[in-house]
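Only one structure is covered here, and it is reproduced in the block below.
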4 protein chains.
Amino acid sequence: MMANLPKGDKREKILQAAAEVFGIAGFHEARIEEIAERAGIGKGTIYLYFKDKQELYLAMLQYQLASMVERLRLRLEASGTAVERLTGFLVEFFVLVRHYRGLPASQVRPPHACEERCRGLLLAARQTIHQMLTQVFRTAEEETIPEDLEPGFAATVLLGMAQGLAMDYLLGGNDFDPLSAAQKLVHLLCRKRDAGG
Amino acid sequence: MMANLPKGDKREKILQAAAEVFGIAGFHEARIEEIAERAGIGKGTIYLYFKDKQELYLAMLQYQLASMVERLRLRLEASGTAVERLTGFLVEFFVLVRHYRGLPASQVRPPHACEERCRGLLLAARQTIHQMLTQVFRTAEEETIPEDLEPGFAATVLLGMAQGLAMDYLLGGNDFDPLSAAQKLVHLLCRKRDAGG
Amino acid sequence: MMANLPKGDKREKILQAAAEVFGIAGFHEARIEEIAERAGIGKGTIYLYFKDKQELYLAMLQYQLASMVERLRLRLEASGTAVERLTGFLVEFFVLVRHYRGLPASQVRPPHACEERCRGLLLAARQTIHQMLTQVFRTAEEETIPEDLEPGFAATVLLGMAQGLAMDYLLGGNDFDPLSAAQKLVHLLCRKRDAGG
Amino acid sequence: MMANLPKGDKREKILQAAAEVFGIAGFHEARIEEIAERAGIGKGTIYLYFKDKQELYLAMLQYQLASMVERLRLRLEASGTAVERLTGFLVEFFVLVRHYRGLPASQVRPPHACEERCRGLLLAARQTIHQMLTQVFRTAEEETIPEDLEPGFAATVLLGMAQGLAMDYLLGGNDFDPLSAAQKLVHLLCRKRDAGG
DNA sequence: AATGAATGAGATTTCATTCAT
DNA sequence: GATGAATGAAATCTCATTCAT
């Protein structure tokens, strides 16, 4: 009785709860028991799915990064001009940062023992996003960006600026409007440096 | 005789050791005993100078931030054109980030119990730097930056991009050349956007 | 299976062990680990039942006082003359003091931080006993005590003398025979002061 | 310059300070540094006069007990009837207890490592007092106490009752008037039990 | 499979005591 | 002699992990 969830669902529930708790509290201040409670299961059950706290953390990180990359991909592959898609991308990026407030932060200082593996996951996600951005710049309408701005560097700068603003937000706690911030950044980078005059 | 350091020096020695250990290990993985060892003193001595681990952390943060702000100020108040000084500022910024590798990271996820106080210190440092940058943009030679780029926003963007690159570095571990990165960023922001053609 | 004790029993086991160790060593010299060992459990388990050392101490005190009051009540509510019941009470009192040798002592200098709460528990126990004694004196056969000895004061004096002897014992270590001491005290207080007859 | 006190005086100053601090805080909660501060000297100086905390405690105990015994002796050897002198003794006793509130308490639970030596000091003081009391009872005017009350037992009872009341006071914190308490106790013990006369 | 009571390693912090000045 | 900065042993308490049910 009590039709149990299929196994995959319980794992995901744990990962969701882990994302919340690790996000709020960071790796060390996060309590396994709190994660279990949020997932609506017993403490011991977590150890049926994950070897230890660290593996749970890594699995959660991978899971969240994949989900984020997917949401960002949707924005970049939407229809519209390059400027529109880049703006949509940035808005989504900022929304994600604000939503998973603690998650990016928790990545900055991963548990020492798995620093390398964390870095690997983050790097992979970043490269995927970077490639998607580069592709957008490469195929953008001619007039969108200055001719001397190489697509790869443009992607680096856009991502860098976005991360910079996000970091600002995370550190300083000064809130900001995702849409207007996105527009300003895109404007700064994409507008042809012109004006002829 | 009188070989002993004057009192202020021992406090600073502890703060230096604390910066190293907190930087490498983060607040929670840092062990008080390790800090004492690096400072070449006994565990208990730290408690003569700081009430507890958290106060030591905050004092260390304040101390390091003040030192960083001072080094950045020197670059911005040096002689030279605005472009030269901004480039110098960014180079110094990147060097600091690479040197104090862990310190900025440790700020991202401070111990929950003193999150507010950490934020306060960081915000203050950031505002000081932002003001210095704004002043540079405001007094820059006319042709340095686009007319429609407000000095305050220019400062925000420059700082944001710098932080973005630094975060990239911290997260991804992909090393980069401070000078060339600085030049690219300044070029991107400062060059008049005309090209004339 | 089901060999485990029901939950209440483990708590009591801890309280028993705590009474022994606190009794022997006093609050500050008592080590949590020693209590755990005596209770046959792990150190951490104690913290599942009691918030910290102080709360354990207070719980132990309450537990022991309740048990003592109960044993004294049985003696005062037994059948027999007032003199017999008072003697029984004193004998029990002295036996308790000798058995829980350290317990009363540990109450005299409770940890400063919970002095008030300790005092409250002790006062409550003492008042209960005082009331029971007063009741005995009030309903005693007319010829038992001098007419000018008010029941409440008689109770105070009896209890005071008993505590005085006990303190003597605790301080000086001079052993004594509970029964003979009890008889002497009761004799002193209860015999009608007439002689005249 | 700065004519130093003769050595004996500094030792006594420390003992006075120790009595205060041990009295207030008990052996374990008393801090050596606090004692030094009250004595107006440096922490290290205490160790020139006493081997360690325990020896200081024992010396303080001896010093205070001697002083108390002396004050009590003066009352018992004063002029006046036995009843007057006993009353004076009890008043002094209660005043001492209230003044050195913590001292007797601190004796009840001495540091485990010197329990025996503490007990020895206490026992000696008590015996001296007991002998003085016995002598008073022995030489008292015939009509003062019942014939069947042996002087030694009378002394034991008087001292016991006094200690009982004091304990009550120490434990319960219920204040009382020394004079009236003294009179009641003496009255209870000394009045000839005839009434008849 | 799921649980949560039990565990104990390990961290912070205090404070009696030492000793260089 | 006098000092107090420095020390480190020892105590409490937390929490990831285990395992009997």
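Throughout, a chain's letter reflects where its sequence line sits, starting with A, and its residues are numbered from 1.
The CG-C1' distance, from A:D52 to F:dC19, rounds to 17 Å in whole Å. Taking atom CD of A:E34 as the reference point, atom C1' of F:dA16 lies 15 Å away to the nearest angstrom. Remark: C1' of E:dT13 and NE2 of C:H28 are 15 Å apart, rounded to the nearest angstrom. Rounded to an integer number of Å, the gap from CD of C:E55 to P of F:dC13 is 10 Å. For the pair D:I35 CD1 and E:dA16 P, the interatomic distance rounds to 8 Å; values are reported in whole Å. Counting to the nearest Å, the P atom of F:dT12 and the NZ atom of C:K53 are 4 Å from each other. Remark: P of E:dG4 and CG of A:L48 are 13 Å apart, rounded to the nearest angstrom. Rounded to an integer number of Å, the gap from CD1 of B:I14 to P of F:dA6 is 8 Å.
Place B:E33 and A:E33 on DNA chain E by their nearest nucleotides, and A:E33 ends up nearer the 5' end. Residue-to-nucleotide proximity on DNA chain F shows that, of C:G44 and B:G40, the 5′-proximal contact is made by B:G40. Position along DNA chain E of the nearest nucleotide to D:Q54 versus B:Q54 favours B:Q54 as the more 5'-ward residue.
Using the Watson-Crick or G-U wobble rule with both distances under 3.5 Å, F:dA20 pairs with E:dT3.
Note that CD1 of B:I14 is 13.0 Å distant from CE of B:M60, once rounded to the nearest 0.5 Å. Taking CZ of B:R11 as the reference point, atom CG of B:L56 lies at 9.0 Å (rounded to 0.5 Å).
B:K43 contributes a side-chain N or O that forms a donor-acceptor pair with the base of E:dT13 under 3.5 Å.
The environment of CD in A:Q62 is sparse: at most 12 heavy-atom neighbours from other residues, nucleotides or ligands sit within 6.0 Å.
Contact annotation: A:T45 reaches the phosphate of E:dT3 (side-chain N/O to OP1 or OP2, under 4.0 Å). A close approach under 4.0 Å does not occur between any side-chain nitrogen or oxygen of C:Y49 and OP1 or OP2 of E:dA5. OP1 or OP2 of F:dA16 lies within a sub-4.0 Å distance of a side-chain N or O belonging to A:R31. Checking the phosphate oxygens (OP1, OP2) of E:dA2, a side-chain nitrogen or oxygen of A:K10 falls inside 4.0 Å.
Set against F:dT3, F:dT12, E:dT3, the side chain of C:Y47 has F:dT12 as its closest nucleotide.
In this structure, B:F22 and B:Y57 have perpendicular ring planes: the angle between them is above 60°, well past the 30° mark.
At a threshold of 4.0 angstrom between heavy atoms, the contacts of B:A39 with the nucleic acid are absent. B:A30 comes within 4.0 angstrom of sugar-phosphate atoms only, judged by non-hydrogen atoms across all strands, and of no base.
The shortest non-hydrogen separation linking B:I35 to B:A17 is O-CB, 3.5 Å.
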